[in-house]
Every structure is written in C-alpha cells, then in structure tokens.
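Heads up, the thing below is written out as structure tokens.
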Amino acid sequence: MKGLPACVIALLVIVWDGPTVARAPVRTTTADADADSLAELRSRRLDLPVRGASRRDLHDSFHDLRQWFHAHEAIDILARRGTAVLAVEDGTIARLFESKAGGTTVYQFDPATRFVYYYAHLEHYADRLKEGHHVLRGQTLGFVGTSSNAPKDTPHLHFAIFRLTDKKQWWQGSPINPYDVFK
C-alpha cells in the first residue's frame with residue numbers, strides 16, 4: 001500500500017472485512033438456473049412455506065442487494081412471530097443449522113434430491129424435527145421469527161431454493177428465484 005494516500009488506505013481498512021469466508025450455499029447467478037428447473041418446480045405446485053400466506057402477498061426481493069453487496073437470492077415472507085413454517089413439498093431434512101446470517105435454519109431436500117429448500121430466521125424448530133427425517137408437504141418445520149441478522153421488529157421467513165450440484169451437498173447449488181416458482 002506504499003504510495004497510496006492515507007485517506008485511501010483508511011477507506012480500504014474500513015471496507016475490507018478480512019478474508020472471504022465460505023457462505024452456505026455456494027451459488028452462481030439465477031441466470032445459470034436452467035429453464036427446465038424452473039418449469040419442473042412450477043409443475044410441482046409447491047405449497048407456500050408460511051401458514052396463511054397467499055401468492056399475492058409475495059414480493060420479489062431475489063435481486064435486492066444485502067450486506068456487502070451480496071444478492072438476496074431469496075424471498076422474505078412477512079408473518080406474525082410464531083406462525084408455522086411449512087414444508088413446501090415432501091422431502092428429507094438435510095440439515096438443521098444455526099447460521100451466523102440465517103439464524104435458526106432448515107435445509108430440506110426435495111424427493112429426488114435435485115433441489116434444496118432453505119428456511120431461515122426461524123424462532124425455533126418444530127418438536128422432534130431431526131436431520132434425515134422424511135417430511136410431508138404442509139408439515140410444520142418451525143416457526144417464523146427473527147433469529148440472527150433479521151430485524152428484530154420484522155418477523156419473517158427467508159425462503160430460498162437451490163438446484164443442487166451433482167455432489168448433492170446441502171450447502172452448494174445454483175439459486176432459483178422462489179418468486180418465479182410461486183407465480
């Protein structure tokens with residue numbers, strides 16, 4: 001940094017937050033998710049993941065920028081704290097995870113292990129929910145909350161969908177806009 005003005009060095013120090021750490025899931029852009037995946041998900045007629053929510057209440061925030069100019073890659077569904085969060089279709093609980101960004105989270109594989117559904121900012125999990133358990137469409141997975149970096153006065157479900165890689169790892173996939181799936 002020799003030769004740089006002090007104000008530039010100070011700005012670099014303020015902006016740089018250390019080395020990048022892995023974020024789960026590792027993603028590419030929505031444009032990379034092929035039309036076949038979107039068509040397949042639409043044909044499944046997934047249930048909305050929040051009890052009492054309707055499609056007209058959804059807002060497309062997929063491309064909104066979040067902390068450190070990271071795309072949101074999800075939709076937020078506002079609901080009262082404690083509202084049931086429901087499985088969008090049958091599947092398997094891939095991971096229950098306490099995430100720095102997402103708080104209390106659930107990763108659910110679809111029946112074919114082609115997609116993973118990500119439910120975040122939960123208040124808490126449903127009783128007896130365990131990794132590896134088969135869940136049914138409409139089954140309660142947890143409850144709307146504000147865990148981790150969610151604004152404490154704005155309970156909501158952060159819901160994302162990722163097309164899995166060939167390795168079928170819950171933390172890796174290409175994002176698919178849930179808003180487009182639910183239209």
Side-chain angles (χ1 to χ4, degrees), residues 10-11 13-27 29-30 46-89 91 93-109 115-131 133 135 137-162 170-183:
L11 181 60
V13 169
I14 291 169
V15 171
W16 188 69
D17 190 28
T20 302
V21 295
R23 289 186 173 96
V26 175
R27 315 175 237 282
T29 65
T30 299
L46 301 179
D47 286 352
L48 290 178
V50 174
R51 178 167 286 137
S54 96
R55 283 169 167 70
R56 70 178 177 278
D57 296 331
L58 301 181
H59 172 73
D60 187 0
S61 59
F62 187 82
H63 298 287
D64 291 358
L65 295 180
R66 294 297 197 254
Q67 185 177 10
W68 297 108
F69 305 104
H70 181 266
H72 189 221
E73 296 180 344
I75 59 173
D76 290 334
I77 303 173
L78 299 176
R80 294 179 69 126
R81 185 181 307 279
T83 302
V85 171
L86 311 171
V88 295
E89 73 170 330
I93 300 301
R95 182 81 165 144
L96 301 177
F97 189 67
E98 291 294 326
S99 162
K100 184 176 179 183
T104 303
T105 64
V106 174
Y107 290 85
Q108 176 200 341
F109 286 149
F115 301 98
V116 65
Y117 306 115
Y118 175 65
Y119 310 79
H121 301 308
L122 303 178
E123 188 77 12
H124 59 90
Y125 300 119
D127 290 342
R128 296 181 291 282
L129 189 68
K130 301 268 190 257
E131 290 179 15
H133 280 187
V135 293
R137 177 187 294 258
Q139 181 176 335
T140 300
L141 303 177
F143 301 90
V144 170
T146 56
S147 58
S148 192
N149 69 5
K152 298 306 173 202
D153 60 347
T154 311
H156 68 279
L157 173 68
H158 173 99
F159 180 74
I161 303 172
F162 300 92
W170 59 270
W171 66 91
Q172 291 188 328
S174 299
I176 296 170
N177 189 342
Y179 185 82
D180 292 340
V181 172
F182 290 128
K183 309 200 250 197

Testing the basics here: between S148 and G102, what is the closest heavy-atom pair and its distance to 0.1 Å? CB-C, 3.8 Å
What closest approach, in Å, do D47 and A87 show between heavy atoms, and which atom pair accounts for it? CB-O, 4.4 Å
Under the criterion ring pair (Phe, Tyr, Trp, His ring centres under 6.0 Å), I'd like the reasoning laid out for W170 against F97: C-alpha separation, chi angles, the key distance, then a yes or no. CA-CA 11 Å; W170 59 270; F97 189 67; 5.4 Å; yes
What's the separation between atom CG in L78 and atom CG in D57, rounded to the nearest 0.5 Å? 9.0 Å
As an exercise, state the distance from CD of E131 to CZ of R95, rounded to the nearest 0.5 Å. 5.0 Å
Could you check if a side-chain atom of I161 sits within less than 4.5 angstrom of a side-chain atom of L46, using non-hydrogen atoms only? yes
Measuring only between side-chain heavy atoms, which start at C-beta, is T154 closer than 4.5 Å to T146? no
Side-chain heavy-atom pair Q108, L141 within 4.5 angstrom cut-off: yes
CD1 of I75 to CG of L58: how many Å apart, nearest 0.5 Å? 4.5 Å
State, without any angle test, whether E98 and T104 hold a side-chain donor-acceptor pair at a distance under 3.5 Å. yes
Pair F159, Y119 - check ring pair (Phe, Tyr, Trp, His ring centres under 6.0 Å), show working. CA-CA 5 Å; F159 180 74; Y119 310 79; 5.3 Å; yes
Compare all side-chain heavy atoms of I176 with those of F115 and state whether any distance is below 4.5 angstrom. yes
Within 6.0 angstrom of R80 CZ, more than 12 heavy atoms from elsewhere: no
Side-chain contact test, heavy atoms from C-beta onward, threshold under 4.5 Å: evaluate it for L129 versus L96 and give yes or no. yes
How far apart are the closest heavy atoms of Y118 and T105, and which atoms are they? OH-CG2, 3.5 Å
Would you say that L48 contacts F182 through its side chain, given a criterion of any heavy-atom pair below 4.5 Å between the two side chains? yes
Taking only residues two or more places apart in sequence, or in another chain, which ones meet A84 in a side-chain contact (heavy atoms from CB on, under 4.5 Å)? R51, L86, T140, F143
Smallest heavy-atom separation, S147 atom then K152 atom, equals C-NZ, 4.1 Å
Is there a side-chain contact between H156 and I77 (heavy atoms, below 4.5 Å)? no
How close do P178 and A160 get, counting heavy atoms only, and between which atoms? CG-CA, 4.0 Å
L122 and V144, any side-chain heavy atoms less than 4.5 Å apart: no
Can Y117 and E89 be counted as having a side-chain donor-acceptor contact under 3.5 angstrom? yes
